2 protein chains.
Amino acid sequence: MSDLLERLRGRGWRMTAQRRVVAEVLDGEHVHLTADEVHSRAVAKLPEISRATVYNTLGELVSLGEVLEVATDKRAKRYDPNAHRPHHHLVCAQCGAIRDVHPNGNPLADLPSSERFGFTVSDVEVTYRGICPNCAAAA
Amino acid sequence: MSDLLERLRGRGWRMTAQRRVVAEVLDGEHVHLTADEVHSRAVAKLPEISRATVYNTLGELVSLGEVLEVATDKRAKRYDPNAHRPHHHLVCAQCGAIRDVHPNGNPLADLPSSERFGFTVSDVEVTYRGICPNCAAAA
DNA sequence: ATCCTACAATGGACAATGTCTAAGTCAAAT
DNA sequence: ATTTGACTTAGACATTGTCCATTGTAGGAT
Ligand SMILES: [Mn+2]
Ligand SMILES: [Mn+2]
Ligand SMILES: [Zn+2]
Ligand SMILES: [Zn+2]
């Protein structure tokens, strides 16, 4: 995710300790944190970082297309740094664990024009739900 | 939706003015209201109905499988009385209008086991996004 | 028709999530 | 080193949702 920081510097972003920390927290695979989780982890690295800054920074990253907002649970939005390769999500209905998945086929092609109601359809999100191996083992 | 009231009576539901009003508000096609919208419309019919009762009733309807919770926008949950025929959603990215859609194919079959990470996958939600005819005309 | 009581409704406190602003701070250009 | 406007902060406020003690009532029993 240091390439992210590079790209942002190139776009005229002022590089602050807070933004570096948020970027660090978002680094990794299968990362889908809520704003509050991002804040907690950021505070561990930079105790004085404020909630508002985390929200602001996440919002900016979303506007820039560097992070995606996903709504896999019905409470808080989650922030997904894997914005470059399109993908969908597989969510454990029990513990909420989230994995990135790449299904076959193109769901957009499966929506016939008779089911489009005159909309110009440009995008599709797919969320699979099930039980993860951990939760299955604990049952 | 009077058949809904019948089914609920059969399940031992006490029939109250409040529950009748909530059921009335949820009647119709392509209905996907937030709890607050349900409350507003219910108040128009029964001014003294409380927010708590609307939340309680919606929660009960969801537990009974008579209404679905959907998360097509990233703020409030929406309540969908079309719980009997499985379907997906088409959402206007501009105005938020929601239509029920029935795509071809089965997205569950498109998730190969190599992409299941040991999960037992049981369900899939698909949300199409685009621009509705109204918003396109206004542009 | 009246009574009883378990179930339901109410209002308001509280919690979780998200937005906004005024004032102070600091990155980076000069 | 100075300057400047972008950035951060704390906390008020807004929205969405939950909980609980109290009050009300639907529907069965008499
Ligand atoms: Mn993802
Ligand atoms: Mn629907
Ligand atoms: Zn799990
Ligand atoms: Zn629209």
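If you're wondering where the values come from, they're calculated on a predicted model, not measured in any experiment. A note on names: the letters A, B, ... follow the listed sequences, proteins ahead of strands, and every chain is numbered from 1.
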field: Heavy-atom side-chain contact between Val67(A) and Leu4(A) under 4.5 Å
entry: no
- line: Between CD of Glu37(A) and P of dA16(C) the distance, given in whole Å, is 14 Å
field: Nucleotide dT10(C), atom P - distance to CD1 of Ile49(B) in whole Å
entry: 6 Å
query: Separation of Asp36(B) atom CG from dT15(D) atom C1', in whole Å?
result: 8 Å
Closest to the Ala76(A) side chain, choosing from dG18(C), dT9(D), dC7(D): dG18(C)
- prompt: Do the side chain of Arg14(A) and the base of dA6(D) come within less than 3.5 angstrom through a donor-acceptor pair of N or O atoms?
  reply: yes
message: Need one value for Thr53(A): base, sugar-phosphate or nothing, where a base atom within 4.0 Å counts as base even if backbone is also close, heavy atoms only.
response: base
- request: Rounded to the nearest angstrom, tell me the gap between atom CZ in Arg20(B) and atom P in dA9(C).
  value: 11 Å
message: Does dG17(D) have OP1 or OP2 under 4.0 Å away from a side-chain N or O of Tyr55(B)?
response: yes
- prompt: Counting any heavy atom closer than 4.0 Å, what does Arg51(B) reach on the DNA or RNA strands: base, sugar-phosphate only, or nothing?
  reply: base
- request: Answer yes when Arg11(A) and Glu60(A) have at least one side-chain N-carboxylate O distance shorter than 4.0 Å, and no when they do not.
  value: no
- line: dist Arg51(B):CZ -> Asn56(B):CG (nearest 0.5 Å) comes out at 11.0 Å
task: Give a yes/no answer on whether the side chain of Thr16(B) brings an N or O atom under 4.0 Å of OP1 or OP2 in dC7(C).
output: no
- prompt: Atom NE2 of His39(B) to atom C1' of dT18(D): distance rounded to whole Å?
  reply: 15 Å
Integer-rounded Å distance: dG18(C) C1' and Asp73(B) CG: 13 Å
- prompt: Is there side-chain contact between Val126(B) and Val124(A), with at least one heavy-atom pair below 4.5 Å?
  reply: yes
query: Can you tell me how far C1' of dA6(D) sits from CZ of Arg11(A), to the nearest Å?
result: 17 Å
- request: Grab the NZ-P distance between Lys77(B) and dT17(C) for me, whole Å please.
  value: 11 Å
Sugar-phosphate only, base, or nothing, as touched by Ala52(A) at under 4.0 Å among non-hydrogen atoms: base
Donor-acceptor side-chain pairing of His32(A) and Asp100(A) below 3.5 angstrom: yes
- prompt: Between Ala35(B) and Glu48(A), which is nearer to the 5' end of DNA chain D once each is assigned its nearest nucleotide?
  reply: Glu48(A)
query: Which residue, Asn56(A) or Leu46(B), contacts DNA chain C at a nucleotide closer to its 5' end, judged by nearest heavy atom?
result: Leu46(B)
message: At less than 4.0 Å, is any side-chain N or O atom of Gln18(B) found next to OP1 or OP2 of dG24(D)? Yes or no.
response: no
